[in-house]
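Report on one structure; see the data block that follows.
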Amino acid sequence: MKQLTKNTVDLHIHDGHNSSLLVSDAKTGNILFGANEERYTHKKNQSGFPINSLKKSQEYLNFSFEDIQGVFYSSRTEPYLPTKTNSDLFRYLFLTLSPFLSKYFFTNKLISNFYKKISHLFRRKDSKKTLRDLGISTKNIQFYDHHYCHAASTISFLQSTPTKDVLIFTLDGSGDLSSGSIFIFNSGKLRIIERIHSLDSLGEIYSQATGLLNMKPLEHEYKLMGLAPYCKKEYAEKVYEILVKKVIKISKDKKGRTVFKSRKGLFGIPLRKHLGKELSGYRFDAIAAGIQLLVEKVVTQWIIDWINSTQINDIAISGGVFMNVKLNKLIAELPEVKKLTVVPSSGDESLVFGSLVASYLKNKFKLRNMSDYYNQGSKNGLLIGNSYSPNEVKIAIKDYESQNKSHEINLFSGEEIQNKIIDLLIVGKVGARFCGRMEFGARSLGNRSIICSPRNIKQIRIINEAIKSRDFWMPFAPVILDKYSCDYLKIKSNQINSYEFMQIAADSKEFFIENAPASIHPYDMTSRPQILRKEINSDFYDLIEKFKERTNVGCLLNTSFNLHGYPVVESPTDALEVFFNTGIDFLILENNLLIK
C-alpha cells in the first residue's frame, strides 16, 4: 500500500466504453493512481462507472470518500455502453429514426444542441445519483466535452514545455456528438478551430467494417490493420475507390483543406449493411486493406493541409482512430511534421488524462502551474496502477499451491533468479513477468507481460499455441532498450521518446530483421516497439541488458500477460491462474521465480 498524506484527492472518471479512473492530488494535480476497470472485472472493455478501480485506489492510497474534493467526468452527454442498448440517447434515436429522416436533420445545429442539452441533464442527474449512493459529495462535480478531453490529454504527454503553438487532432468513433476535432494549444489556452460530426465518423466506418468481417467492433479493429499488408495493392485500391464513391465524400474547403463527409449519414448497423452491400464480392483481406488505405490517405492529407494552413508543425494526436500504429507511422514520417506527440492507449480510456488537464484549464487552481501538467502522463511510464507487497505475493503462492496440489513447480528467490531467467530465455522458454505497479491502458509495458527471446520466428507459433491463440496474421511486438533503438529501427534519434508506449510502428533495419524476427510483422517487416528508458523501469531494463550481453540482441518479445479475449492480469492470483493453465514455462512474480 502506498501511504497518502492527508491531502484531498480528485477523481477523473471515464464511464463509457472501456471505463477508467485517474486519481490526482487535489492540491498539486500530481497523478497518484490510474487503472482500467476491466482489470478488476475480468471483462474486456468493461463499461460503466469504474467502481472497482475506485475501491482499489482507496485501498492502495488509503483515502476515504470524505477526502475526495472534486469529481471530473470526461464527457457531457450520456456515455455509450455496449451492454446497455439505450444508454446513448442520440444513438438510440438515430438508429430508430434514420430510415425516415435525412442526415441533415440530425446534423442541424439546433437539433444537435437540443440533444446535447437534454442528454446532459440526464447525464448530470444519473452521475450525481451514482456518487450520492456511494457517499461521495457532488458539491464539486464537473463535466467536460469528450473531444476537448481527447485534445487536453495530449498536453499530459508533451515531453517538454512547448515554446510554440501545438496543433492537436482528435479522431474516434463518436463522443458528445463529435467524431473528430482540431485544437490549438498556446500559452495555457486550448482553443477549438474545427469539429467533425459523429455522422461523418471515419472511426465508425472502420468499426463497422470490423463487424462486417465478423470481428468485434470497438475491440478488433487492430486485426484489420494487421491483416491489411497481406493484400495486393490493386485490390486495396479498388475497395478504396468504392468507399470514396459510395460511403464517404472527400473534398477541399475554400482554403484548400481536406474535408470528409459521410454520403448518407449512416451509423451503426445500417452503416455495416451499407458497407456489406457495396463491398459484396470482395475478399476479407481486400476489405481490411481498403479500409486501412482510406484512413491512411484521408487522415494524412487532412493533417498536411491543416499544418500548411496554420503554419504549425508541432502536432499531437489522440482518440481511438490513433490507436492505429500504421497510420501513426505515416504521420511520424511526414516531412511537414516537426514534432509529434501521440497519446498512448489513445482510445476513450485515456480521456481521464484530458479531464485532469481540463480541471486545471477550466479552474486555474492558484497553487498549480500549467507546467506541472506537461509530461505528467508519461513521466512514470504509465506504471500508475496498484502493486502487491512481497508478503501478499507469498500468501498468494502458498494459497494457490494448497488448492492446486497437482501442480509441480520449482520456486526460487533472491539474487540467483536473474541468471536463471536469462538461461531460460536463451533456450527459447516463454515466461511471464508480474512486477511492480500495473500499467495503465491497453499495452503491457513490462510489469504485466509475457516475454521471450525474439531471435527465433518459431516463438510466434509456440506462444500462440500455448497461450495467446491469436489470429495467424497478427504480429507480436518488441521491447527495445533506448540506446539500441536507432540501430534496430529506422527512426529519428530525436523521436525515440515518442515510441515508448507501442503507439507508432517503425520500419526495421536488417540486423533487427535477422536477429529479432519473432517481434516484427512477417510480411511488411515493420515493428510496434516499446522503447524502454532505464529511469522508467530499471529492473526490466537490467534484465534486457543482461540478455544483450549473452545474445547481442538488446530486446525481448513483449506481449500482454493475458489469455486471448481477456484483460491483462491484475493480481498475483490472476497471474498464477494463467501461468498454470497455459504453456507458459516460467513466471517472475515480484522477487520470486516459478518454473514448471
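If you're wondering where the values come from, they're calculated on a predicted model, not measured in any experiment. Reckoned from all heavy atoms, side chains included, excluding hydrogens, waters and symmetry mates.
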**Complete:** Shortest non-hydrogen pair, S198 vs L177, comes out as OG-C, 2.9 Å
**Item:** Side chains of S449 and N558, donor plus acceptor under 3.5 Å
**Value:** yes
**Prompt:** Are any of the side-chain heavy atoms of I520 and F476 separated by less than 4.5 Å?
**Reply:** no
**Prompt:** Which pairs with one or both residues in residues 484-499 pass side-chain hydrogen bond (donor to acceptor under 3.5 Å, both in side chains), sequence neighbours excluded?
**Reply:** Y484-E545
**Request:** Would you check if P50 and I13 make a side-chain contact, meaning some heavy-atom pair closer than 4.5 Å?
**Result:** yes
**Item:** Ring-face cation contact, Y240 with K297, 6.0 Å cut, 45° max
**Value:** yes
**Item:** L21 side chain reached by E37 side chain, heavy atoms, under 4.5 Å
**Value:** no
**Item:** All ring pair (Phe, Tyr, Trp, His ring centres under 6.0 Å) counterparts of F157, not counting sequence neighbours
**Value:** F353
**Prompt:** So, do P478 and F512 sit near enough that their side-chain heavy atoms are less than 4.5 Å apart?
**Reply:** yes
**Asked** Is a side-chain donor-acceptor pair under 3.5 Å present for Y374 with Q376?
**Response** no
**Item:** Exercise: do D305 and Q301 side chains pair donor with acceptor under 3.5 Å
**Value:** yes
**Request:** Under the side-chain hydrogen bond (donor to acceptor under 3.5 Å, both in side chains) rule, collect the residues that match up with R533, sequence neighbours excluded.
**Result:** E500, E535
Pair up each side-chain donor or acceptor in residues 178-185 with any protein partner under 3.5 Å, not counting sequence neighbours, and list the distances.
{"residue": "S178", "atom": "OG", "partner": "R195", "partner atom": "NH1", "Å": "3.0"}
{"residue": "S179", "atom": "OG", "partner": "H197", "partner atom": "O", "Å": "2.9"}
{"residue": "S181", "atom": "OG", "partner": "T170", "partner atom": "OG1", "Å": "2.6"}

**Prompt:** If you look only at pairs with a residue in residues 163-179, which of them pass as a salt bridge (Lys or Arg N to Asp or Glu O under 4.0 Å), with sequence neighbours excluded?
**Reply:** none
**Request:** Report the C-alpha distance between W302 and F169 in whole Å, list the side-chain angles of each, state the deciding distance to 0.1 Å, and finish with yes or no for ring pair (Phe, Tyr, Trp, His ring centres under 6.0 Å).
**Result:** CA-CA 10 Å; W302 180 57; F169 299 87; 5.1 Å; yes
**Request:** Please step through side-chain contact (heavy atoms from CB on, under 4.5 Å) for the pair V23 and H12, ending with a clear verdict.
**Result:** CA-CA 6 Å; V23 181; H12 305 276; over 6 Å; no
**Asked** Just wondering, more than 12 heavy atoms not from K338 lying within 6.0 Å of its NZ?
**Response** no
**Message:** Using every non-hydrogen atom in the two residues, find where S444 and M502 come nearest and quote the distance to one decimal.
**Reply:** O-CE, 3.8 Å
**Request:** Kindly indicate whether the side chain of I196, heavy atoms from C-beta on, has any atom under 4.5 Å from the side chain of L202.
**Result:** no
**Item:** Under 3.5 Å side-chain donor-acceptor pair for S346 and S318
**Value:** no
**Non-hydrogen atoms of P344 and S350 that approach each other most closely** = O-CB, 4.1 Å
**NZ/NE/NH1/NH2 to OD/OE distance under 4.0 Å, R443 and E439** = no
**Request:** Calculate, to the nearest 0.5 Å, the distance between atoms CG and CD1 belonging to L334 and I304 respectively.
**Result:** 4.5 Å
**Complete:** Heavy-atom closest pair (F267 atom, S174 atom, distance to 0.1 Å) is CZ-CB, 3.8 Å
**Message:** Between D15 and R123, is the salt bridge (charged side-chain N to carboxylate O under 4.0 Å, His left out) condition met? List the steps.
**Reply:** CA-CA 11 Å; D15 55 353; R123 167 80 158 138; 2.7 Å; yes
**Message:** Within the supplied structure, the quantity of interest is the number of heavy atoms (other residues, nucleotides, ligands) at a distance under 6.0 Å from K379 NZ; does it exceed 12?
**Reply:** yes
**Message:** Do E349 and S20 pair up side chain to side chain, a donor and an acceptor below 3.5 Å, judged on atom types alone?
**Reply:** no
**Request:** Could you walk me through whether Y40 and E570 pass side-chain contact (heavy atoms from CB on, under 4.5 Å), step by step?
**Result:** CA-CA 7 Å; Y40 306 107; E570 182 274 324; 3.4 Å; yes
**Request:** Nearest 0.5 Å please: distance from the CD1 atom of I303 over to the CG atom of L167.
**Result:** 8.5 Å
**Request:** Working to the nearest 0.5 Å, report the span between OG1 of T163 and CG of D314.
**Result:** 7.5 Å
**Item:** Verdict with reasoning, F501 to I531, per side-chain contact (heavy atoms from CB on, under 4.5 Å)
**Value:** CA-CA 7 Å; F501 298 115; I531 294 181; over 6 Å; no
**Prompt:** To the nearest 0.5 Å, how far apart are CD1 in I68 and CD1 in I136?
**Reply:** 4.0 Å
**Message:** Just so I know, are the side chains of S560 and R448 near enough to count as touching, which here means a heavy-atom distance under 4.5 Å?
**Reply:** no
**Request:** Locate the shortest heavy-atom distance separating N380 from I536; write the atom from each residue and the value.
**Result:** C-CD1, 4.2 Å
**Prompt:** For residues R76 and S119, is any side-chain donor paired with an opposing acceptor at under 3.5 Å?
**Reply:** no
**Asked** Are the side chains of Q142 and Y73 in touch, meaning some heavy atoms are under 4.5 Å apart?
**Response** no
**Message:** Is a donor from one side chain sitting under 3.5 angstrom from an acceptor on the other, for S355 and S74?
**Reply:** no
**Asked** Would a distance-only check, ignoring hydrogens and angles, find a side-chain to backbone donor-acceptor pair under 3.5 Å from S359 to L356?
**Response** yes
**Message:** Working note: F72 + L11, criterion side-chain contact (heavy atoms from CB on, under 4.5 Å); need CA distance, chi angles, decisive distance, verdict.
**Reply:** CA-CA 6 Å; F72 305 97; L11 304 183; over 6 Å; no
**Message:** Using 0.5 Å steps for rounding, measure from the OG atom of S57 to the CG atom of N386.
**Reply:** 9.5 Å
**Request:** Verify the distance criterion only: is there a donor paired with an acceptor across the side chains of Q292 and Y206 at less than 3.5 Å?
**Result:** yes
**Prompt:** Just how far is it from atom CG of N447 to atom SG of C435, taken to the nearest 0.5 Å?
**Reply:** 6.5 Å
**Prompt:** Among Y144, F143, Y115, which residue meets the ring-ring contact (aromatic ring centres under 6.0 Å, His included) test with H120?
**Reply:** F143
**Prompt:** Would you call K326-D524 a salt bridge at under 4.0 Å N-O?
**Reply:** yes
**Prompt:** Looking at residues at least two apart in the chain, or sitting in another chain, which of them share a ring pair (Phe, Tyr, Trp, His ring centres under 6.0 Å) with H150?
**Reply:** H146, H147
**Message:** Ignoring hydrogens, what is the shortest heavy-atom contact between C555 and I480? Give both atom names and the distance.
**Reply:** CB-CG1, 3.7 Å
**Request:** Going by the side-chain hydrogen bond (donor to acceptor under 3.5 Å, both in side chains) test, name the single residue among D482, D542, D539 that passes it with K534.
**Result:** D542
**Prompt:** For K27 and T8, what are the C-alpha separation, side-chain angles and deciding distance, and is it a side chain to side chain donor-acceptor pair (under 3.5 Å)?
**Reply:** CA-CA 7 Å; K27 182 178 179 180; T8 52; over 6 Å; no
**Message:** Just so I know, are the side chains of V337 and N313 near enough to count as touching, which here means a heavy-atom distance under 4.5 Å?
**Reply:** no
